[in-house]
Number of protein chains: 2
Amino acid sequence: MYTGYNLEDRVFLAVDCIIFGFDDEDLKVLLIKRDFEPEKGKWSLMGGFLKSNETLDDAADRILHRLTGVHDIYQEQLYSFSDLDRDPVARTISTSYYAIINIEKHNEELIQQYNAQWFSLADIPDLIFDHNEMVQKAIRRLRRRTSINPIGFELLPEKFTMRQLQKLYEAILDKELDKRNFINKINSMDILIKLNEKDMTSSTKGSFLYQFDQEKYDKKKGDNFYLKL
Amino acid sequence: MYTGYNLEDRVFLAVDCIIFGFDDEDLKVLLIKRDFEPEKGKWSLMGGFLKSNETLDDAADRILHRLTGVHDIYQEQLYSFSDLDRDPVARTISTSYYAIINIEKHNEELIQQYNAQWFSLADIPDLIFDHNEMVQKAIRRLRRRTSINPIGFELLPEKFTMRQLQKLYEAILDKELDKRNFINKINSMDILIKLNEKDMTSSTKGSFLYQFDQEKYDKKKGDNFYLKL
DNA sequence: ACAAAAGTGTTAACGCTACACCCATGG
DNA sequence: CCATGGGTGTAGCGTTAACACTTTTGT
């Protein structure tokens, strides 16, 4: 018996963002120390409430911008969490997003303003509510995405060395990879451009820099190939 | 500046279910013909609103039960849709779930009560709101899940022939498979029990029936192997 | 005897893995 | 001249894909 929407419940809908970054060594997550209730003083994901005039994607973008100062960060919706008591203050559903960001490109001031801090995956503290679960789910998703879609674009500077790319994959997959096999596999994807330019900071010999070939990359994205690393 | 939850917006949160079934030939989706506004007379997914005292999973289960008479159907959360004008009546977010069900096990009366009908993937009509998009996303997800996890359990009768299983995979992947290679790959997963029993309806010779080995199946589920078909 | 589906193995191509040595340069 | 990271190729193995004929039995 349909009676119109009036009799239905409305709920708070939050958006929480798992923000991944990479610092040439570790895969990291950006967390904020809450200086507001509830759970003041504990670490948490950056989040906010969905406003009725924005989409979830918009909300995620707004929240990411608030903390990083950057717009159009790569983001993807992860999962909607709805345990009855997940938020002790009020019945709140949370749709989580994960984002990947070049760790150098955020705004330092904003980070400080929010008491934010990058944590290596191994050092993630107890978070409020179900945020640890969100992070774990995001890591699993990121790992799986790695074998279906090229990533890296979003986590690395524009020009990077093979070594950096390899370290990134190693950090994501939490697994050491063979240098030569890695290069072969990456090259077989045919999405990189080798530049006539070397990075001299990492060794005396210097290592060639690469760029993603945006066009080829975009084309591959639709293909859903499977890359075994 | 945190000001409490009072100033935040609340929204309607709907749950819509893509229900997959298999009839030995085609993969199908169960749709209902709406006899209520808005969009009365059009086809749509079965859905409902989240109540404030239930989780999204609960809501999906409730909705699935309402239409099929069955509880504990296999279900998985798919995605939350939030376009501003996706529902013309009121601002509503919808979290979609897809479910897979043995097509013989639903309750015929309920199906009739709701004017429900099974549609082959190729024949899906125009649906209300963004429901077509939901269905397409569900199909993609189901396809991908096929290569990561064994499925079939939920879509087939308890005892089934290799041919049925192969047809199921072919229907999901929309792709013809080689009989011998298929059997080898399925056997290599080691999750089937060959019964000493034949199904005589499909041929004069008769074909052996199989069952899933629930225990082994559950064990594999966590493993996240990759099955290439 | 024939029609209709079931059942069964082999081979060739390909892709993946494992593996070790020389190179260039700055200090 | 040496220490450090960069760069490069191959052979063996395992996996996958392609492929066709025989079996059974009801009519």
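Chain identifiers are assigned alphabetically (A, B, ...) following the order of the sequence lines, protein sequences preceding nucleic acid strands; residue numbering begins at 1 within each chain. All values below were derived from every heavy atom in this structure, side-chain atoms included, with hydrogens, water molecules and symmetry-related copies excluded.
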Are [X] and [Y] side-chain neighbours, meaning at least one heavy-atom pair lies under 4.5 Å?
{"X": "A:Phe182", "Y": "A:Glu170", "value": "no"}
{"X": "B:Leu177", "Y": "B:Lys185", "value": "no"}
{"X": "B:Leu30", "Y": "B:Met46", "value": "no"}
{"X": "B:His71", "Y": "B:Asp61", "value": "yes"}
{"X": "B:Ile100", "Y": "B:Phe22", "value": "no"}
{"X": "B:Asn187", "Y": "B:Met162", "value": "yes"}
{"X": "A:Ser202", "Y": "A:Gln164", "value": "no"}

**Report entry** Listed nucleotide nearest any side-chain atom of A:Thr204, set C:dG26, D:dG6, D:dT24
**Finding:** C:dG26
In whole angstrom, give the distance that lies between atom [atom1] of [X] and atom [atom2] of [N].
{"X": "A:Asp178", "N": "D:dG5", "atom1": "CG", "atom2": "P", "result": "18 Å"}
{"X": "B:Leu165", "N": "C:dG7", "atom1": "CG", "atom2": "P", "result": "13 Å"}
{"X": "B:Phe182", "N": "C:dG7", "atom1": "CZ", "atom2": "C1'", "result": "15 Å"}
{"X": "B:Phe208", "N": "C:dA5", "atom1": "CZ", "atom2": "C1'", "result": "14 Å"}
{"X": "A:Leu229", "N": "C:dG15", "atom1": "CG", "atom2": "P", "result": "16 Å"}
{"X": "B:Asn181", "N": "C:dA12", "atom1": "CG", "atom2": "P", "result": "16 Å"}
{"X": "B:Glu176", "N": "D:dA17", "atom1": "CD", "atom2": "C1'", "result": "15 Å"}
{"X": "B:Gln166", "N": "C:dA6", "atom1": "CD", "atom2": "C1'", "result": "12 Å"}

Query raised in the report: Considering only heavy atoms, which members of residues 183-201 of chain B lie under 4.0 Å from some atom of DNA chain D?
Result: B:Lys185
Query raised in the report: Going from CD on B:Gln75 to CD on B:Gln77, what distance comes out if it is rounded to the nearest 0.5 angstrom?
Result: 9.5 Å
Give me the distances for all protein-to-nucleotides 20-22 of chain C N/O pairs that come in under 3.5 Å?
residue: C:dA20; atom: N1; partner: A:Arg180; partner atom: NH1; Å: 3.2

Query raised in the report: What do you reckon, are the aromatic ring centroids of B:Tyr210 and B:Phe208 less than 6.0 Å apart?
Result: no
Query raised in the report: At under 4.0 Å between heavy atoms, what does B:Ser203 touch on the DNA or RNA strands: base, sugar-phosphate, or nothing?
Result: sugar-phosphate
